[in-house]
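Quick notes on the structure that follows.
Position 1 is the first residue of the sequence; numbering continues from there. Atoms within a ligand are numbered from 1 in the order they appear, just like the ligands themselves.
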Amino acid sequence: MSDGVLDRRESYEVDSLGLFEVIGNSVAIFERARAGAGTVDLVWPQEAIQNVAIAGMGGSGIAGDLAVGVWRERLRHPVSVLRDYYVPGWVGENTLVILSSYSGETEETLTVASQATERNAPCVAITSGGKLGTFYRDMGVPVIDLPAGLQPRAAILELLVPLAVVLGRMGVIAPPDAELDDARQVLVDSVDVLGPAIPTDQNLAKQVALGLLDSVPVIWGAETTAAIAQRWKCQINENAELPAYWAVLPEADHNEICAYGDPSTVGRMTQMVLLRDPHHHRQVQRRIELTRELIAPALGGVLELAADGNTPFGRMLDLVMLGDYVSLYMAIARGVDPGPVDMIGRLKLRLAETGYGRTPDPV
Ligand code: F6R
């Protein structure tokens, strides 16, 4: 299965930004993020909040999707994740707007920030600085400061943990302390069993990475694992610099399933990864089994991975850590530096040439 590439220390020299070091420090990062988020001054009474908008893109936006995925059934208020330039009409004085941008320089998020301010919405920023940090600090808006110098997607715990803490402190979810304790333990275990020092024959992440390498990974999630499927897809795109796609059940059973009815050349190039949670709705469990039975003959392979953990937040992080390691190992196996994301940077530079003021309404 492997020529041992993932078990040779020198293979990791390509990791110029130290992403393996960051993921290996997950427990310390988690603890720091949890402590930091508890100290920020949130001045509004819980009763003032009727709904929540979390604005963020890419590695910063996924924190919002993951949080909504974890607490979906237990949210006390509607929570939407905003991933473009406009805020919906319902955002106003009773909307908690959380601006999640690691760099603080992302134009979609900055545009939402200025519209939220115009609407007098209570805002909190989670950022390492940039224009977002400066803009809000000057206005006296609470800013949760993140340490600078990381890749946004590698700062997932820095972004996600404060988000959970803020949602708890504002009464959007019940206090998440027990879930955070569980998550910490999940991180300890993940780093222990998935890290580079664990050889391929005992390391699930290395095995999955090698199995996905020469195919097009299609990651399917459902309910609590939907956003995790998206995270896997994005991490494979950005770390391994490979195509990958994601979809969600039950929806995919109403359309995408048709792509895998009969064998095709593209179908055979596809490796399906099904991300399961033991707590899925009974019918979702059944769907996964039936769907797998129906589509497997048309696919290159199907792999099921089940989340482990005692709470929804812990189980989510279990699969996120696995996917993060898988994508990093895919990069190493290809000899690709997992850190830089030149394509994203090039596009952002080109866009910045035109500025990002609001487009005038069509007349
Ligand atoms: C890069 C990455 C990107 C960024 C996105 C938004 O590591 O993950 O997806 O997250 O371009 O930038 P930030 O997170 O700085 O707002």
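A salt bridge between D145 and R137 is present, with a side-chain N of the basic residue lying under 4.0 Å from a carboxylate O of the acidic one. Salt bridge status for D7 with K206: present, with a side-chain N to carboxylate O gap under 4.0 Å. The pair R83-E108 does not count as a salt bridge, with every side-chain nitrogen at least 4.0 angstrom from each carboxylate oxygen. Under a 4.0 Å N-O distance rule, the pair D181/R34 qualifies as a salt bridge.
In this structure the side chain of I173 reaches within 4.5 angstrom of the side chain of L75, judged on heavy atoms.
For N94, the side chain to side chain contact (heavy atoms under 4.5 Å, CB included) criterion is met by Q50, not counting sequence neighbours.
Ordered by chain and residue number, the residues placing a heavy atom less than 4.0 Å from ligand 1 are M57, G58, G59, S60, S101, Y102, S103, T106, Q151, P152, R153, E238, I344, K348.
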